[in-house]
Amino acid sequence: MNGIDISSYQAELNAGIVPSDFVFIKATEGTKYINPTWREQAGQVTQANKLLGFYHFASTGNPIAEADFFISVVKDYIGKAVLVLDFEAGAINAWGNVGARQFLNRVKEKTGINPMIYMSAEVTHQFNWSIISTSNALWVAQYASMNPTGYQSAPWTDGKGYGAWSSAAIHQYSSSGSLANWDGHLDLNLAYINANQWKQLAGGSSATEQNNNNSNSELEDDDLMKFTYEIIDAKTGKTQGTVYYYDGNKIVALTDKDQWKIIIEIYKDTTGKDMKHYKWRTDAPWYVRFMQAINQKTVEVAWK
């Protein structure tokens, strides 16, 4: 499929009559900017029965706040349009791959949809993207030249691959595109997915499925089940004084409140979510049942 991506720079463009199978529209940037023409452009796309996508241009602010802002603007199209994080410029240094993951995780948390991520081919090698490569499809930018061109069926690549992604779902191969019914240049894209796969991405299906046979040792840190708990004495109603942390493999007794504090802060920064904390009473010893479930006989494991 052939497509274009547009923003307010193409405010006069009628997306319904410019030849394309799909159109990506810039919706937001940072936590304040909204493309003033996005809704009109989206209407042109849908009226022409073309496939629709929206992208958020990452700024240097809080990734979760930017995700919330993006969702608040395009909320009426959730499930109908592919959502994308445009990861380039200042965000590369300000966010790194951790910030990008926070944005993507937040969108998934609030919408149930795994967004795509857009970046240059160079950036696919700049960070370790292995955590998201199985859940978030790649829209990659790589140009052979800046020469004017129409749609291409086999655009040039440097053959070096895309890091953790085995392939790109969409390739943006020119910013000097020339198409009918528009006098200016356009970004041109080739999609290696079909219309049904596009609709699956818009509706919340993963670009690729996670291997269900992964063991804990093969999963990344924030893919594991993690939580903390404390034990409440049923007679006194008071805590026994120790907080226990399940790190995805074993239970650890935290000997200092600062240990608990740093764990929940890092978990929040990495995933954008609050870590679950439970208070289990001695007259309903769920902590014992949990230890049995993970085949751990003793509560305390030395903190190292």
Side-chain angles (χ1 to χ4, degrees), residues 3-13 15 20 22-46 51-78 80-111 113-124 126-127 129 132 136-143 169-170 172 174-177 182 184-189 201-202 269 272:
I4 59 175
D5 56 276
I6 59 177
S7 66
S8 60
Y9 289 114
Q10 292 83 25
E12 302 302 318
L13 178 147
S20 64
F22 61 88
V23 180
F24 282 114
I25 300 170
K26 178 178 180 178
T28 53
E29 179 176 341
T31 56
K32 295 182 179 180
Y33 176 80
I34 301 174
N35 172 10
T37 60
W38 80 269
R39 195 173 287 278
E40 179 183 1
Q41 292 168 331
Q44 295 167 352
V45 174
T46 56
L51 298 170
L52 177 63
F54 294 112
Y55 69 89
H56 171 84
F57 189 90
S59 185
T60 57
N62 181 280
I64 294 174
E66 293 199 19
D68 288 344
F69 179 61
F70 177 48
I71 295 164
S72 72
V73 172
V74 301
K75 60 182 182 297
D76 292 341
Y77 285 88
I78 300 298
K80 303 174 184 177
V82 170
L83 306 180
V84 184
L85 169 62
D86 184 344
F87 183 72
E88 55 182 308
I92 293 175
N93 291 325
W95 287 9
N97 60 340
V98 173
R101 284 165 50 198
Q102 289 177 333
F103 181 100
L104 298 170
N105 288 343
R106 182 64 166 183
V107 174
K108 176 64 183 296
E109 177 187 353
K110 298 196 73 173
T111 68
I113 294 170
N114 278 315
M116 297 186 70
I117 185 167
Y118 168 95
M119 67 183 75
S120 70
E122 179 183 358
V123 177
T124 65
Q126 189 171 339
F127 301 98
W129 297 105
I132 71 165
N136 301 87
L138 174 65
W139 175 14
V140 71
Q142 189 172 49
Y143 303 168
I170 299 174
Q172 183 190 85
S174 177
S175 60
S176 304
W182 179 246
H185 287 168
L186 289 167
D187 292 341
L188 300 186
N189 302 271
L201 289 175
D269 289 343

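None of these values were measured; they are calculated from a predicted model. When a residue number appears, it is its place in the shown sequence, counting from 1.
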Please say which of Leu201, Asn105, Asn136, Ile132 ends up in a side-chain contact (heavy atoms from CB on, under 4.5 Å) with Pro115. Asn136
Considering all heavy atoms of both residues, which atom of Ile64 and which atom of Asn62 are nearest to each other, and what is their separation? N-OD1, 2.9 Å
Can you confirm whether the side chains of Thr37 and Tyr9 place a donor and an acceptor under 3.5 Å from each other? no
Heavy atoms from other residues, nucleotides or ligands near CD of Gln126 exceed 12 (cutoff 6.0 Å): yes
For the residue pair Phe103 and His56, is the inter-centroid distance of their aromatic rings smaller than 6.0 Å? yes
Give the C-alpha distance, both sets of side-chain angles, the deciding distance and a yes or no for side-chain contact (heavy atoms from CB on, under 4.5 Å) between Lys26 and Asp86. CA-CA 9 Å; Lys26 178 178 180 178; Asp86 184 344; over 6 Å; no
Evaluation steps, side-chain contact (heavy atoms from CB on, under 4.5 Å), between Met116 and Val82: CA-CA 8 Å; Met116 297 186 70; Val82 170; 3.6 Å; yes
Using the rule side-chain contact (heavy atoms from CB on, under 4.5 Å), only one of Phe70, Tyr55, Trp38 pairs with Thr28; which is it? Phe70
Apply salt bridge (charged side-chain N to carboxylate O under 4.0 Å, His left out) to Glu109 and list each qualifying residue two or more places apart in sequence or on a separate chain. Arg106
Just by distance, no angles: are the side chains of Glu29 and Asn35 close enough, under 3.5 Å, to form a donor-acceptor pair? no
Hey, do the aromatic rings of Phe24 and Phe54 have their centres closer than 6.0 Å? no
Backbone N/O of Ser120 and side chain of Gln142: donor-acceptor pair under 3.5 Å: no
Residues Asn189 and Trp139: side-chain donor-acceptor under 3.5 angstrom: yes
